[in-house]
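Accompanying notes for the structure given below.
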Amino acid sequence: MTQIQTDASRNGQVGSEPMIIAENVEKWYDNNFHVLRGVSLTVQKGEVVVVMGPSGSGKSTFIRTFNALESYQKGRILIDGIHLSTDLKNIDTIRREVGMVFQQFNLFPHLTVQQNVMLAPIWVRRWTKARAEEKALQLLERVGILEQAKKFPGQLSGGQQQRVAIARALAMEPRIMLFDEPTSALDPEMVREVLDVMRTLASSGMTMVCVTHEVGFAREVADRVVLMADGLLIEEATPEEFFNNPKEERSQKFLSQIL
Amino acid sequence: MTTTSPPSFSTRPDVAQIGAIAWVRKHLFSGWFNSLVTVVLGSLLIRSIVGFIGWATTTAQWKVIPENLPLYFVGQFPPDQYWRIWALLWMISALSGLTWGNLSQNVPHLFSRTVLIWVGILAVIFVLAPTPLPYRLLLLATLGLVLGGAWAGRYLSQSLPSFGLGLAIAWGLSFFIMLWLMAGGFGLKPVSTTAWGGLLLTLFMSVVSIVLCFPLGVALALGRQSTLPVVRLLSTVYIEVVRGVPLIALLFIGAVMLPFFLPGNVRLDLVLRAIFGLTLFSAAYLAENVRGGLQSIPRGQAEASSALGLNTPLTLGLIVLPQALKVAIPSIVGQFISLVQDTTLVSIIGLSDLMRISRAVLANPLYIGRYAEVYLFIGVIFWVLCYAMSWGSRQLEARLKTTN
C-alpha cells in the first residue's frame with residue numbers, strides 16, 4: 001500500500017510548527033446572531049484536534065472559517081502562515097492546502113467516483129489527466145473503493161461515499177484536513193469504515209481538525225480535545241484529562257449527556 | 001386442536017384475479033357509479049371515433065394536401081433550387097444519425113425492437129406518400145442516411161476518442177452551411193428571405209431562436225442569482241418585464257419599432273426581427289426554468305467545490321450548471337416546445353410560416369371551406385415536431401441518469 005505523503009511521521013513527533021492559528025475569532029450571522037464570540041485555537045503540524053460540543057455551539061462554523069467557507073468579522077486566522085482575510089488570492093491559496101470532508105459527503109452526483117477525485121487536481125493544480133488518474137486510483141485503493149471507481153456516487157452506500165469524499169480531498173495533497181461531523185449522517189454499521197480511514201490518515205502525520213461526537217475516536221486518536229459551547233471555547237485538554245477529569249462545569253454537563 | 005385438511009393451493013392464479021377481464025372489472029366497473037361513467041364516456045368516445053373516420057373517408061377532400069405539398073414545406077422557395085433543401089435535410093439527417101450513434105455507443109443494441117418498428121412505419125409512410133416517385137425515393141434515402149449515420153457514429157465513437165468533439169464542431173458548422181443553402185450567395189443563386197416559407201421557415205425560426213435563447217436564458221438565470229446588485233436588478237427587471245408582455249406585442253415591437261431604434265441605413269430582415277422577438281421572449285421564460293434548476297442544487301455542492309479550490313466560474317461551469325440544467329431538462333424542453341408553437345404568431349407580422357401558408361391555401365377558390373383538412377394536417381406536423389422533442393428530452397434524461 002502506498003503511503004499518504006507527509007513529511008513527518010506521527011507518534012510523539014508533533015512539531016512545534018503551527019499550521020492553524022486562530023486568534024479571538026468573532027462572527028455574526030446576517031441576522032446579527034453572535035455565533036463565534038472570540039475563539040482562539042492553535043493547531044501544530046501533525047496534530048489531531050477533536051472539537052466537541054452541543055449543537056448550535058458554533059463548532060462547525062468555527063472550522064469552516066479555516067477555509068473561508070464562512071467569513072469572520074473580528075480576530076485573525078493564519079493558515080500555514082498565510083493570513084486568511086477577504087483577499088481572494090489568499091483564499092484560493094489556502095483552499096488548495098486545506099481539505100474538507102462534510103457531514104453530507106457532498107460528492108458531485110453527475111461525475112463518477114474517479115472523476116470526483118480527479119476534478120480538482122486537473123482544474124486547480126493543472127495536473128495532466130494521466131497523473132490525476134494515477135493519483136485518484138492510488139487514493140481510491142487506500143480507502144478501499146477501487147472497484148467502484150467507475151460508478152456514480154448515487155450507487156454507493158453512505159460509508160463508501162464518505163470514503164470517496166476523503167479521497168477527493170486528499171487528491172489535492174492538502175497539508176491540513178478538516179472533518180465536519182464526517183460520521184453523523186451515516187448508518188451505525190458504516191461509521192467504523194470511515195473512522196478507520198481517518199485513523200490511518202492521522203497515523204500518517206496529517207494535521208487534522210475534526211468536529212465529531214465519536215468519543216472512541218477522540219480518546220484513541222486525538223492529541224487534544226476542545227469543547228465549544230455558545231460560541232466560546234470552554235475547555236482544551238488531552239483526551240485523557242478531558243474524558244476522565246474535565247475541569248469546567250460545562251464540560252462535565254456535556255459529557256454527562258453524551259457518555 | 002382439530003386437524004383440518006390443508007387448503008388446496010392451485011399453482012395457476014385464479015382467472016378472476018388477473019387477465020384482461022379482471023383488469024376491466026377492477027379499473028372500469030368497480031361500483032355502479034364508475035360503471036356509469038365508463039359507459040357514458042365510452043359511448044361518447046366510440047361515437048367520435050366512428051364520426052371522425054366517417055368524415056375522413058367520405059366528406060373530407062384530402063386533395064388539398066398533396067396538391068400543395070411544396071407550399072406547406074418550403075413556401076415560395078424557387079422550385080429549381082429545391083435540391084438545396086434536400087441537401088440541407090440530408091446534412092441534418094446525417095448529423096442526427098451520427099449523434100444518435102455517438103449517444104448510443106454504450107447501449108448493447110443500437111436498433112432495438114421499438115426503433116425498428118418506428119423505422120418500418122416511417123418507411124411505409126414514405127413509400128405511400130402522395131408525391132411523385134423521385135421524392136419518395138429521396139425521403140427513403142433520408143431515412144437511410146439517419147440509420148447509416150447512427151451505425152457509423154457508433155462505430156466511430158468507439159474507435160475515435162475525439163469523435164464527440166468533432167461532432168459538436170460539425171453541428172456548429174452546419175448552421176452556417178444551412179444559412180448558405182437557404183440564402184444562397186457564394187456561388188449559389190441568392191434566395192430572398194421573403195421566399196422562405198412553410199415548415200422550412202417555421203423550423204428555421206425555431207432552431208435559431210432555441211440556439212440563441214438558451215445561452216441568454218442561462219445568463220439571465222445566473223444574473224438573477226448573482227451577488228452583484230446591479231446585475232441582479234437588471235436581470236430581474238428584464239425577466240419580469242418580458243414575462244409581463246404578450247409575445248405578439250414583442251413581435252410587433254421587433255417588426256415595427258426596431259427599425260426606428262436603428263440607424264437609417266441599417267435594414268434588418270423581417271425574419272431576423274421575428275427571431276429577435278422570439279429569442280428575447282423565450283429567454284425570459286427559460287431563465288426562470290434554469291433558476292428553478294439552480295435552486296434545486298444543494299448549497300453543499302458549491303461549498304465542496306470551493307473547498308477543493310475551484311473558483312466561482314469553475315464551480316458554476318463544472319459543478320452547479322451541469323446539475324441544474326439536467327434537473328431543468330423537462331421544463332427547458334417544455335419551453336422549447338412552446339417556442340415552436342409560438343412561431344405560428346409570426347404570420348401576424350407578415351411572414352409565410354406554416355400557419356400563414358395554410359391560410360393562403362384556404363384562400364384559393366379551389367379549396368374553399370377545406371379548413372378541417374388543412375388545419376388537421378398542420379396540427380399533425382406540429383404534433384410530430386413537438387412529440388419528437390419531448391421524446392428526445394426523455395431519452396436525454398435517461399442517458400444522464402446516475403442513480404440506480
Side-chain angles (χ1 to χ4, degrees), chain A residues 60 63-64 66-70 88-89 91-113 115-126 129 150-157 161 164-165 168-174 176-180 185, chain B residues 103 105-108 158 160-162 164-165 218 225-229 232 290 292-330 332 393 395-404:
Chain A
S60 283
I63 76 160
R64 282 159 59 93
F66 297 167
N67 64 351
L69 284 185
E70 301 279 354
L88 289 177
K89 214 174 157 201
I91 291 182
D92 281 348
T93 316
I94 286 168
R95 280 177 174 167
R96 252 171 271 163
E97 307 305 328
V98 181
M100 186 160 207
V101 175
F102 300 85
Q103 182 176 358
Q104 300 296 339
F105 330 135
N106 296 347
L107 292 178
F108 307 129
H110 61 304
L111 302 177
T112 63
V113 163
Q115 288 168 336
N116 263 277
V117 182
M118 289 166 61
L119 184 84
I122 288 177
W123 288 92
V124 181
R125 291 244 189 258
R126 298 269 158 205
K129 214 179 150 192
K150 300 275 185 270
K151 287 194 181 168
F152 287 97
Q155 298 166 323
L156 267 51
S157 75
Q161 290 193 48
V164 173
R168 180 178 68 175
L170 290 176
M172 284 292 284
E173 301 185 340
I176 301 169
M177 283 286 285
L178 306 174
F179 291 85
D180 187 3
Chain B
L103 290 175
Q105 55 181 307
N106 298 322
V107 179
Q158 284 163 348
L160 289 175
S162 54
L165 180 70
V218 171
Q225 302 275 75
S226 168
T227 46
L228 306 169
R232 194 171 58 228
V290 174
L294 285 172
Q295 283 174 342
S296 75
I297 306 305
R299 248 177 75 102
Q301 290 290 308
E303 283 183 352
S305 174
S306 305
L308 285 168
L310 278 80
N311 57 24
T312 312
L314 283 179
T315 298
L316 267 181
L318 296 173
I319 307 300
V320 179
L321 262 185
Q323 294 186 60
L325 292 178
K326 187 178 130 188
V327 171
I329 287 173
I332 288 176
S393 98
Q395 295 297 307
L396 191 62
E397 274 181 84
R399 218 35 67 80
L400 294 177
K401 196 165 171 261
T402 55
T403 46
N404 283 336

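Below, read A as the first sequence line, B as the second, and so on, with proteins coming before strands; counting in each chain starts at 1.
- A:Val124 touches chain B through its side chain: at least one heavy atom from C-beta onward sits under 4.5 Å away, while N, CA, C and O do not.
- Interface residue A:Phe108: backbone and side-chain heavy atoms are both found under 4.5 Å from chain B.
- Contacts between A:Arg125 and chain B at a heavy-atom distance below 4.5 Å are absent for every atom of the residue.
- Taking each heavy atom of B:Ser306 and A:Leu69 in turn, the nearest pair found is CB-CD2, 4.1 Å.
- Contact record, A:Arg168 with B:Ala304: NH2-CB, 3.4 Å, taken as the closest heavy-atom pair.
- Residue A:Leu119 touches chain B through its side chain alone, counting heavy-atom pairs closer than 4.5 Å.
- Atom CG of B:Leu308 is separated from atom CE of A:Met100 by 11.0 Å, given to the nearest 0.5 angstrom.
- With A:Asn67 contributing its side chain and B:Ala307 its backbone, the two residues share no donor-acceptor pair below 3.5 Å.
- Looking at B:Leu318, both its backbone and its side chain come within 4.5 Å of chain A, counting heavy atoms on both sides.
- B:Arg299 CZ to A:Gln104 CD: the interatomic distance, rounded to the nearest 0.5 Å, is 13.5 Å.
- In this structure, the portions of B:Leu310 lying under 4.5 Å from any heavy atom of chain A include both its backbone and its side chain.
- Put simply, of A:Leu88, A:Asn106, A:Thr112, A:Thr93, the one with the most heavy-atom pairs under 4.5 Å next to chain B is A:Asn106.
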